[in-house]
Amino acid sequence: MHVAIPLYPGFTALDAVGPYTVMAFAPGCTVTFVAAEPGPVLDDRGSLTLIATATYAELPNPDMIIVPGGTGTAEALSDTALVGWIAQAHEQTRWTTSVCSGAFLLVAAGLLKGRKATTHWGWLNDLAGFGTEPVSERVVVDGKIVTAAGVSAGIDMALTLLAQASDVATAQAVQLAIEYAPEPPFDAGTPKTAPAGLTERALSLIGPIG
């Protein structure tokens, strides 16, 4: 299975690296970072780069695409090369997926109208304005389109898909290999469980889309 993860300026690192790590550990799986041109792409914190090793044209038909989100998403919505590649690749993918605000790039590619999807809680309700049914769940599967909620949810999504692409035992082996057994020190990972007044502060940290 060949997985492609497109990179664009201002992507969130964990959106891409979380699913990458799961899939890269899986036997028989190749993961390629793609972009309009090969080379380094800077993340939304402005301090980390990932290297795109192939162009969109060089990988037109991956088995799976994983579209990360980030504060650069808004600007990326007008990136015709990126959005066009997502739409074209989707025609032949086994799965087309997104993490966090990457869902809005699926919207731009015309893929979420009439479908159920999720994204970061801060922008979840915005999906409704595009004819998409927002679902407040960690991972949402609607046919071959799979969306993950904010940032770290991409790891859950990748494990879910790996179980389908291979088998549950393989996904469990990868989970164990990367010791993915979250025990966060605080129960503040969702607006429902976080202390009152924390949501605005959290959104100020992650910043707007764009």
Side-chain angles (χ1 to χ4, degrees), residues 5-23 33 35 40-52 65-79 82-83 86 96-109 111-112 116-130 132-140 145-161 178 180 182-210:
I5 303 177
L7 300 177
Y8 55 89
F11 71 95
T12 294
L14 189 57
D15 286 17
V17 174
Y20 160 80
T21 301
V22 171
M23 293 301 180
F33 290 112
V41 183
L42 190 64
D43 81 330
D44 59 3
R45 302 298 94 184
S47 56
L48 182 146
T49 59
L50 294 181
I51 305 295
I65 59 177
I66 301 173
V67 182
T71 57
T73 300
E75 186 172 350
L77 294 175
S78 60
D79 184 339
L82 170 59
V83 174
I86 293 171
T96 299
T97 80
S98 66
V99 181
C100 197
S101 61
F104 293 96
L105 286 164
L106 300 191
V107 168
L111 305 183
L112 291 190
K116 296 178 180 179
T118 192
T119 187
H120 188 281
W121 56 264
W123 310 295
L124 180 62
N125 292 334
D126 294 339
L127 287 174
F130 300 98
T132 302
E133 181 181 343
V135 180
S136 182
E137 294 180 4
R138 189 92 167 149
V139 178
V140 174
I145 293 182
V146 184
T147 51
V151 192
S152 64
I155 299 173
D156 295 25
M157 182 184 74
L159 287 167
T160 299
L161 291 172
I178 65 174
Y180 181 55
E183 293 183 9
F186 311 110
D187 189 13
T190 73
K192 291 181 179 180
T193 61
L198 203 61
T199 55
E200 289 189 6
R201 183 175 181 182
L203 287 175
S204 72
L205 292 174
I206 197 169
I209 302 177

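Residue numbers start at 1 and run along the sequence shown.
Shortest non-hydrogen contact noted between Ala76 and Tyr8 is CB-CD1, 3.7 Å. Looking at every heavy atom in both residues, Leu48 comes nearest to Ala13 through CD2-CB, 4.1 Å. Shown here for Gly18 and Ile155, the closest heavy-atom pair between the two residues is CA-CG1, 3.8 Å. What you find for Ala16 and Leu50 is that their closest heavy atoms are CB-CD1, 4.2 Å. The shortest heavy-atom contact between Ile66 and Pro19 is CD1-CB, 3.8 Å. Pairing each heavy atom of Pro134 with each of Leu127, the nearest pair is CG-CB, 4.2 Å.
Atom CD1 of Ile145 and atom OG1 of Thr96 lie 6.0 Å apart (nearest 0.5 Å). If you take CE on Met23 and CD1 on Ile5, they are separated by 8.5 Å, rounding to the nearest 0.5 Å. The line from CG of Leu159 to CE of Met157 is 10.0 Å long, rounded to the nearest 0.5 Å. Atom-to-atom distance recorded for Thr147:OG1 and Leu111:CG is 11.5 Å, nearest 0.5 angstrom.
Remark: the backbone N or O of Asp156 is not paired with any side-chain donor or acceptor of Tyr180 at under 3.5 angstrom. Thr118 places no side-chain N or O within 3.5 Å of a backbone atom of Ala148 that could act as its donor or acceptor partner. Proximity of a side-chain donor or acceptor of Asp15 to a complementary backbone N or O of Gly69 within less than 3.5 Å is detected.
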Any chance you could lay out the side-chain contact (heavy atoms from CB on, under 4.5 Å) test for Leu203 and His120, step after step, and finish with the verdict? CA-CA 10 Å; Leu203 287 175; His120 188 281; 4.1 Å; yes

Determine, stepwise, if the pair Phe104 / Asp126 fulfils side-chain contact (heavy atoms from CB on, under 4.5 Å). CA-CA 9 Å; Phe104 293 96; Asp126 294 339; 4.0 Å; yes

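Listed by chain and number, the residues in a side-chain hydrogen bond (donor to acceptor under 3.5 Å, both in side chains) with Thr160 amount to none (sequence neighbours excluded). With sequence neighbours excluded, the residues that form a side-chain contact (heavy atoms from CB on, under 4.5 Å) with Val83 are Leu105, Ala108, Ala109. With sequence neighbours excluded, no residue forms a side-chain hydrogen bond (donor to acceptor under 3.5 Å, both in side chains) with Thr49. The side-chain hydrogen bond (donor to acceptor under 3.5 Å, both in side chains) check on Thr12 picks up Asp44, with sequence neighbours excluded. Applying the side-chain contact (heavy atoms from CB on, under 4.5 Å) rule to Arg45 yields the partners Asp43, Ser47, Thr71; only residues at least two apart in sequence or on another chain are considered. For Ser101, the side-chain hydrogen bond (donor to acceptor under 3.5 Å, both in side chains) partners two or more places apart in sequence, or in a different chain, are Thr73.
Here the rule is side chain to side chain contact (heavy atoms under 4.5 Å, CB included) with Leu106, and of Thr132, Thr97, Leu112, Thr119 only Leu112 fits it. Pro6 pairs in a side chain to side chain contact (heavy atoms under 4.5 Å, CB included) with only one of the listed residues (Asp79, Leu82, Val41), which is Leu82.
Heavy atoms of other residues, nucleotides or ligands lying less than 6.0 angstrom from CZ of Phe33 number more than 12.
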